[in-house]
Structures are given as C-alpha cells and as structure tokens.
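Remember, predicted model here, so these are calculated numbers, not experimental data. To find a chain, count down the sequence lines: A is the first, B the second, and so on, and within it residues start at 1.
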There are 2 protein chains.
Amino acid sequence: MATGRTHRPATRSRGIPEATVARLPLYLRALTALSERSVPTVSSEELAAAAGVNSAKLRKDFSYLGSYGTRGVGYDVEYLVYQISRELGLTQDWPVVIVGIGNLGAALANYGGFASRGFRVAALIDADPAMAGKPVAGIPVQHTDDLEKIIKDNGVSIGVIATPAGAAQQVCERLVAAGVTSILNFAPTVLSVPDGVDVRKVDLSIELQILAFHEQRKAGEEALALAEAEAVVEVSEESGKGPDGDVPAVMPA
Amino acid sequence: MATGRTHRPATRSRGIPEATVARLPLYLRALTALSERSVPTVSSEELAAAAGVNSAKLRKDFSYLGSYGTRGVGYDVEYLVYQISRELGLTQDWPVVIVGIGNLGAALANYGGFASRGFRVAALIDADPAMAGKPVAGIPVQHTDDLEKIIKDNGVSIGVIATPAGAAQQVCERLVAAGVTSILNFAPTVLSVPDGVDVRKVDLSIELQILAFHEQRKAGEEALALAEAEAVVEVSEESGKGPDGDVPAVMPA
DNA sequence: CATTGTGAAGGAGTTCACAGCA
DNA sequence: TGCTGTGAACTCCTTCACAATG
C-alpha cells in the first residue's frame, strides 16, 4: 500500500518484502519493551504474541534479515533490537519537517514517540504569517517562504504534510524540489510525485469508512443469522446483477 | 492489514476483497470531487488517475459491486457515488466517540472531514477531571467514569482511541464491554480484542520507520550506482550469512 | 528436545489482454 | 468504435509442516 511503484528491479538487492518491512517496527516496539524489562531472550511464539502476529510469519520475516536466532532457545533481545534498528535505518538520525501547524500539525510536533527512535523534528513550517516565530512544542514555527532553505540547511529528506487538502500537492512539490524524497501525508488527497519519491498516507476518514463497511456487514450478518434461526427462508435469490433488491435506479442525492 | 482475523466464512457472502474495500473510500473521494464539478460520467481511466490507481484494478474493484458502468461510455458519477456510499455503509449515520482528548484527540475532534461522510462525533471522553465540561470543537468533554453510559445512550459502535499507550488496552476493553465493535487506534500499542471486533491502527512512528527504511535503501542504491558507474567492481560477494560485513557480534547499546 | 529456518502448498491481490456490448 | 467486465496468468504474501540444530 505504501508507494505503489517499486523503486526499481534493484541490482540483486536483498529484497526484503514490503509486507515484512511494514512489520519490523512492530517487532521492534515489542522487543524494546522486553529490553526495558531486561528480558534476555524471547521465542518466536512469545514475540509473535506480543506483536500481534502469527509465529510462522515472524520467523519468516526474520529469516529475510539473516539467521539471528538460536534453535531450541529463541532470539537474543538486545541483538535483535540492534539488527532491526539497523535494517530500518534507525541507527542514524533523521531530521524531519512538519508542514502545516494546525491542530494536527501541533499534535504531531508534540508527539513524543517522534524523537524516541531516530527521528528529530528539525523544523515546523506554516503558511500563516501570524504563526511565524510562535513556538509549538518548543520549536519556533517558520514561514513557508523559507521552506526550500530550511530543507537544504537541515539536510531534510523526510517531510510530513499536515496542511489542508487544497495546499498539499503544492507543498509536496516544493518539498520534493528542495530535496525531500519521502513524504508522510496526512492531508486527504492523492499526492502525485515523481519516481523515486516515497509517499505514505494516513487518512482518518478512510479508516473510519473501512470500519463502517465492516460494521454494516456485521449488522447484516446478525439480521441474517436471526432470519436463519427463525427458518423463515424466503429470500428471493435471483436479482439480475447488483447484489441488492431495492435500489433506486437513479440516486436520491 | 485491518483485522487479521476474517469475520467468518460468511454464509455465501458477496465477499468483497479487503483490498478493494480499502480503496472504495479513495474512489468515493475522487467521485465526490467530480460530482461537485457536475461532471456527469467518467471513464475507468480518468477515475483511476484521480484516485492514483491503475484502471484495470479499478474496473475489477467495481466489478465486485456489480455492473454499474456502460461500455463505450464509462460510469455515471452520481450513481456510483450512491452505490459506493451504500456499500460502505455511509448512507446511515455513525455516532463515534473519541477517547483521550490530548493534542491528538482535540485535532481529531476538530477534523472537518469527520462529519462530512456519515460520521458524527457523539462524545469526547477524557480521564482528566480538569477537562470535564470544557468544550473542545464545540463538544463538552466528559469524564471516563461515564464511558459505558455514554456508549449506550448514544448507540455508539465505533470508538476512536487517542490516549497514551499505557491506557489504550484498558480503554479498549471498556469500550468493547459497553458495546463498541469497531475501534480506530491511534495509540502505539497492539490492542487485543475478542473475535468480532475490528481494530484498525494509525501509527505515526511506524509510518516514519517504513519511510526511513526506504530512504536508507535509496542512499545505499545511490552509492551502489556510483560505484558501478566508476566500474570499481571489487565487492567481495560472499559473507557467510548476515547480509552485512561489519556488525558487532554483540550490540553496542 | 524445544525451537528455529525454510521448502512447498495455498491463498490473496494485481495485471494482462481481449471478448462482449452500448 | 470505445470502454467495460472478466477469465487467466502472474506475483506477492501467508501458512503449514518438518528437517536441521544448538
């Protein structure tokens, strides 16, 4: 779901599957918790439970990184933390800019987990001149006019867009032009970017809509189960196409 | 990625693939924009471009809903908006509660796109007694003590968790016990829930870590490309196992 | 002998390419 | 003629089940 376009066939890269990459942060979090409790080793079964995945999947995921476990014993927690951190590129420091310091942008700036793992909020940028200079989460907000300079001066390659939908594409283009190659988009828009730029999106309303779909389905199944229990099987199983009996031919607004 | 566990084999349900469900909101958004510009019909090619997917995929997705297009012409915008809305369950109203009114919770409460499509913030809940009664986004915050009553009085089935990680699992359990069956989790924790409850998670730091992985890979490829360009092919292609030459045998903190 | 690491089977999602239809 | 709808091929991911092994 991440980028859509894969980067390139990659000259015999040790291709870690995208699905695996997406789970590594989950494992890392679980491992970090174990590490803080000074647990020395952990089995695939235990770790899988903590991360909310199945153990075969976890073992296969780890097998892409190398053979870091010990048969009969499990995995060394500290060592795995290090290996996964390195694989994810968290042993280096990633300066990040957040563009759009509204409610959400401010919340992101204040988010603690940010700094914890290799990420550092290098700058906050907003288009509102009234915001300029005002500190948010201890960092002074800078004006959009200086975006390019800020990116370059700080060597930023990861940008977070938390602007209104209307501004997102333009901000995105400026970020990319200034050298950003990874974007985390909170604006409800599809961003188009050149090849080689990664975009991930976080979209509240999409998530809610997906939940609503399942919620509705549950209600439907409940009703169905009830009907079946009552053995009142009178469902006319044969509508031309659309799986659905009473739909207006034209929509009612 | 949503729930992990599928709901049940479903008595001959018209199984819309999960991947398709996850794209329907995207199509809906693009269609809504077209609708607002009074565009009457749209081809799979155009709509796919607007939604950022490929047209074959879009056509296959729509084929799961039914045959709503016209060959040689395209899709009727208004009709599709209605069909997708209905499929997603957006023709009804979904009361939602947000638990945890910190920076993020407040940002979510203020988020406009919320109300736009079938969702209504029925209540805001926080554990801090000092917050009680204080209005956020025009809605008075209520105390966690009343959580169960609030859920039941409002017939809430979708809950949003925006608490700190430590509180999330407990809040989740109370929500579920009170009747919530869909949860959108912003806390950086794995929630465990009984069967039949859907959880979707939104996790900033996971997204950033995934971006960092790709970012690091880009840097590596760049270096590789450079090396190749200089034709200095002196890569010793044979390290026992771990795809990596200089790793400390034990991690350095 | 408990637990990893992994071939092989199975399933889900994507893309191709073209038949079918307005 | 132009565009949809879809079987079939393909790629990616997950799960099974067991041989390998510290």
* Please give, in whole Å, the distance from D:dT14 P to A:Ile16 CD1? -> 14 Å
* Identify which nucleotide among D:dC13, D:dT4, D:dG5 has an atom closest to any side-chain atom of B:Ser44, counting heavy atoms from C-beta outward. => D:dT4
* Asked: Got a donor-acceptor contact below 3.5 angstrom from the A:Trp94 side chain to the A:Val156 backbone?
  -> no
* **Contact under 4.0 Å: B:Thr70 side-chain N or O vs D:dT4 OP1/OP2** => no
* **B:Glu215 (side chain) donor-acceptor with A:Ile158 (main chain) under 3.5 angstrom** => no
* Asked: How long is the line joining CD of B:Glu18 and P of D:dT14, in whole Å?
  -> 14 Å
* Asked: Are OP1 or OP2 of D:dT14 and a side-chain N or O of A:Arg23 less than 4.0 angstrom apart?
  -> yes
* Structure fact -> Rounded to whole Å, the OH-C1' distance (B:Tyr68 to D:dT6) equals 17 Å
* Rounded distance (Å) that lies between atom P of D:dC3 and atom CD of B:Glu46 -> 8 Å
* Asked: Taking only side-chain nitrogens and oxygens of B:Ser43, does any of them come within less than 4.0 Å of OP1 or OP2 of D:dC3?
  -> no
* Ignoring hydrogens and angles, answer whether the base of C:dT3 and the side-chain atoms of A:Arg71 contain a donor-acceptor pair closer than 3.5 Å. => no
* Asked: Are any of the side-chain heavy atoms of A:Leu28 and A:Glu87 separated by less than 4.5 Å?
  -> no
* **Distance in angstrom units between B:Asn54 CG and C:dA17 P, rounded** => 12 Å
* Trace of the side chain to side chain contact (heavy atoms under 4.5 Å, CB included) decision for B:Glu45 with B:Leu58 -> CA-CA 9 Å; B:Glu45 203 72 54; B:Leu58 177 143; over 6 Å; no
* Specify the separation, in whole Å, of atom NZ of B:Lys57 and atom C1' of D:dT6. => 17 Å
* Would you say a side-chain N or O of A:Lys60 is under 4.0 Å from OP1 or OP2 of C:dT6? -> no
* Asked: Between C:dT6 atom C1' and A:Asp61 atom CG, what is the distance in whole Å?
  -> 13 Å
* To do: Select from B:Gly74 and A:Pro17 the residue whose nearest nucleotide in DNA chain D is closer to the 5' end of that strand.
  => B:Gly74
* To do: Calculate the interatomic distance between A:Glu45 atom CD and C:dA2 atom C1'; express it in whole Å.
  => 11 Å
* Asked: Sequence neighbours excluded, which residues qualify as ring-ring contact (aromatic ring centres under 6.0 Å, His included) partners of B:Phe62?
  -> B:Tyr27, B:Tyr75
* **D:dG5 phosphate, OP1 or OP2, under 4.0 Å from B:Tyr75 side-chain N/O** => yes
* Structure fact -> By nearest-nucleotide position on DNA chain C, the 5'-leaning member of A:Gly72 and A:Ala56 is A:Gly72
